[in-house]
Every structure is written in structure tokens, then in C-alpha cells.
Amino acid sequence: MDTFQIHVITWNVGSAQPPDDITSLLGLNVGDGNTDMYIIGLQEVNSMINKRLKDALFTDQWSEVCMERLSPFGYVLVTSQRMQGVLLLVFAKYFHLPFLRGVQTETTRTGLGGYWGNKGGVSARMSVFGHRLCFLNCHLPAHMENSDQRMEDFESILQQQQFEGQAATGVLDHDVVFWFGDLNFRINDLDMQVVKSAIDNNKYSALWEKDQLNMAKDSETVLEGFQEGPLKFPPTYKFDVGTDTYDTSGKKRKPAWTDRILWRMRATAPVGTAEKRGSLSGLTSGTKVTQHYYRSHMEFTVSDHKPVSSIFTLQFPYRVDVPLVTLMVEDEWNCVADATAKFRLAPNYSRSSWDWIGLYKVGFKHHKDYVGYVWAKQEDNDFQRLEQQVQVYTAVKSPDSSCLHPLIPQRCSSSLL
Ligand SMILES: O=P(O)(O)O[C@H]1[C@H](O)[C@@H](OP(=O)(O)O)[C@H](OP(=O)(O)O)[C@@H](OP(=O)(O)O)[C@H]1O
């Protein structure tokens, strides 16, 4: 079995600017460097009109700060999707890029009866070494009394998010789904004093059974198969901004675990048993998921929510690790005429006239950071040839060629080959 480590973070950032240092949130100070992917789901990223215009022209501040911190460690932004304040960022170690395929994103608005994106979900799906993964970041409706609405919105997000392609069209068709966000579930019945005293005394178990999401797991079919680690950290909502003190405003919101990370493995039930409720447990697609940490980060005070993170190890039963395209750069490039590369295509690779080859600086942050590109042109007689040569100097704009990265071939906008 091959292992693959995924670090998931969710944070309702309450329209705040990123703090100066997010090292501890990313675990870069304590990590073993074995994280293969970072999945960062934010909610309430400042989406005021003037801010959105600026962000459309440039990158938003949160994406920027995450790229700045992660790129020195070899992580590249694979894809991102934003719907108003809901932002999903997917980073991976650059050397995994050839094995991340079929990258697609989806957004679903559920605010104002489905017309407004202040609430809803954004997702990204891809196959990772041949295993289909989907990451869904949601911001569900607020307030104690809206538990049913939250479930309805979640179902409607699942129904509406359909990806292209024959395999894994819906979120739940994926081998592993990570569902996270400001799911906004609250703690029923118990009054403020009881909740606060349970928190003060680290007696979280008294609160678990009144947590609306835990309660919904018993009755909502759509939650079947979703798993969550024990909530051993204090509720992450609602704090006075700039402090670790629960809400002292006139609203007097009761503390709650609004910010959650769950996962679900696809069930592959034997023929004839698929419809039987309860027959799905223990039946998976072969990928094993182990959760290592599920924690909050109390040190961040810029928002009225605290971030929550979790580290998972995925054990793949096999790896599809033959690149569809192999690039060969034989010598150092000392002059323009040297700037050639060969590439070899796997026999099952179906070519497109949109294929291109990009040139990147070492330490690039984003797959759009290429300093130049050439079309991987397809001549008629190329159909028979698996190995071809291209001259890339025509597109290289940077004189600083000493620090250029080996070429990464690209396919349209959705697949990195
Ligand atoms: O009106 P929509 O767009 O649904 O947004 C809501 C309101 O702003 C809520 O404020 P109010 O209570 O004044 O209506 C707020 O709850 P708080 O009162 O807890 O700040 C929610 O914050 P989150 O719970 O962080 O989602 C936020 O999602």
C-alpha cells in the first residue's frame, strides 16, 4: 500500500485580512514535510465589490499568503475556486502534478433561495494516482433554528454538483470525499452556562450528543457513510475578534462547533445489497483513510471563528504513476539554440491541438506561473511517433534561464499532465 498525506484546513475568516504568520496553521513549523496536498477551505473572504474588483485583477490576499508560505516547501496551487466569500485552494507537491488528472471545480449558490452565493458550496475533484478524490467546502446557513435548512442545502449542493466525464460525476461517486467548512451546526437545548462550564472543564462529551450534526447523522440518509473524528477541541465559534473570549456582544451566541471536517469513502456494495440501508459500512473502494489530527487553532484571533485542521493518510491499494508525457531535457541551455526538449507520449495519451508545453521558474507557485510556452503541435505524421522534439526558446521571455524549471506539459486548463 502506498500512502498519501492530505492536510485539510477550514476557516471562516470573518472578512479579515490574513494574519502575518500562518506557519502554525499550515503545520510548517512542526510537520515532517510529508504532506502531499493541502486543501484549504475558507469562508467569508472579504467580498465587498471594490475588493472583488481588485481580487479579479490580482490574486486575493488569502490565496497570495497561502502561495507565499507554501511555495518554498515545493507546493503549487493546482486549482482554486471562489464563490463570493467561499474559497477553496488545492495545493500539491510539484512533483505530483503529472499524476493529478481530470481537475474540475463546481460551485453552488444556496443563499436567497439559490440566487446568492453568500452561502453554498464550492468543490474540486481530480484523480490522484488513479484514485478519485473530491473536496467540498461549504458555508451553510447560520443560526440555531436552521438545522433542517442546512441539511436541505447540503443535499441540494450534492444534487447540483455534477462533473463532466463518465466516471465520478457526482460528489458522492468519488472514492473519497472530504466535506468541510462553516457547516454552522449548533448545540441544541443546553443553556449557555451549561455549555460554557462543559468547555471550561474540558467535558466536551456532554456537548457531543446535543450537537446538531451528530444528531442528524442518526436520521439523515445523506449523511450515511460520512465520518468525523472526535471533537476534542473547544467549540470554534463565536469569539470576540482579537481574543479567545466567547461572544460578549449583545447577540450572545452560544458556542458551537460550526467548523467541521468530515470524510466519506465510496461504498462498493456487492450486487443485490446496494439498496439495503446499513449494508454499506466497511465496504470501500479499496482506499483506506486514517485521520491523524483533528484540532482547532486557538492562537488565531482575526476572526470570530477559529480555524480547524486535520491531517489524513490515504492508503492507495495501487498507484497509477506512469506519466502520460515524459519530458527529456538532455543538456544545459547555454544559448538560444540549445533550448530544445524532447517529449514522449504514453500510447494511451490522446492528443489535442490545445496541448502546450510551459516553462517555469524553479519555485513556481501556480500552474499559471509559466514564463513562456510553445504549442505542442501535432503534425500529420506525428500520429505515428511517440517521441517528438520541440524548440522552446521562441516563447522564453526570461533572460534568467539559469533558474528555469524543467518543462511541465499542460493540457487545456483542467489537466496537468
Ligand atoms: O445573513 P447571512 O448571509 O446568512 O450571514 C450570517 C449573518 O451575518 C449572521 O449574523 P446575524 O446573526 O447578525 O444575522 C452571522 O451570524 P453571527 O450572528 O453568529 O455573526 C453568520 O455568521 P456565521 O455563523 O459565522 O456564518 C453569517 O453567516
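Numbers here simply count residues along the sequence, with the first being 1. Read the numbers this way: they start at 1 and go in the same order the structure lists the ligands and their atoms. Worth saying up front: this structure is predicted, and the values here are computed from it rather than measured.
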request  = Would you mind listing which atoms of ligand 1 come within a distance below 4.0 Å of any non-hydrogen atom of Asn12?
outcome  = 25 (O), 26 (O)
key: Enumerated ligand 1 atoms positioned under 4.0 Å from heavy atoms of Lys251   = 10 (O), 11 (P), 12 (O), 13 (O), 17 (P), 18 (O), 20 (O)
What protein heavy atom sits nearest [atom], and how far off is it?
atom: atom 28 (O) of ligand 1; result: Lys119 NZ, 2.8 Å
atom: atom 25 (O) of ligand 1; result: His305 NE2, 2.5 Å
atom: atom 21 (C) of ligand 1; result: Ala142 CB, 3.6 Å
atom: atom 20 (O) of ligand 1; result: Lys238 NZ, 2.6 Å

Flag this pair as yes if the NZ/CZ of [X] is under 6.0 angstrom from the six-membered ring centre of [Y] and inside a 45 degree cone about the axis; otherwise no.
X: Lys306; Y: Phe239; answer: yes
X: Arg260; Y: Phe185; answer: no
X: Arg319; Y: Phe129; answer: yes

Counting heavy atoms only, which part of [X] comes closer than 4.0 Å to ligand 1: side chain, backbone, both or neither?
X: Thr258; answer: neither
X: Arg186; answer: side chain
X: Gln43; answer: neither

request  = Could you tell me whether Glu68 and Lys365 make a salt bridge, using a distance below 4.0 angstrom between a side-chain N and a carboxylate O?
outcome  = yes
request  = Using a strict cut-off of less than 4.0 Å between a Lys/Arg side-chain nitrogen and an Asp/Glu carboxylate oxygen, indicate whether Asp175 and Arg266 qualify as a salt bridge.
outcome  = yes
remark   = atom 9 (C) of ligand 1: of Gln84, His143, Glu44, the nearest heavy atom sits on His143
inquiry  = Applying ring pair (Phe, Tyr, Trp, His ring centres under 6.0 Å) to Phe233 and Tyr294, what does each step give before you reach the verdict?
reply    = CA-CA 8 Å; Phe233 50 86; Tyr294 188 29; 5.1 Å; yes
ask   = For the residue pair Tyr370 and Trp356, is the inter-centroid distance of their aromatic rings smaller than 6.0 Å?
value = yes
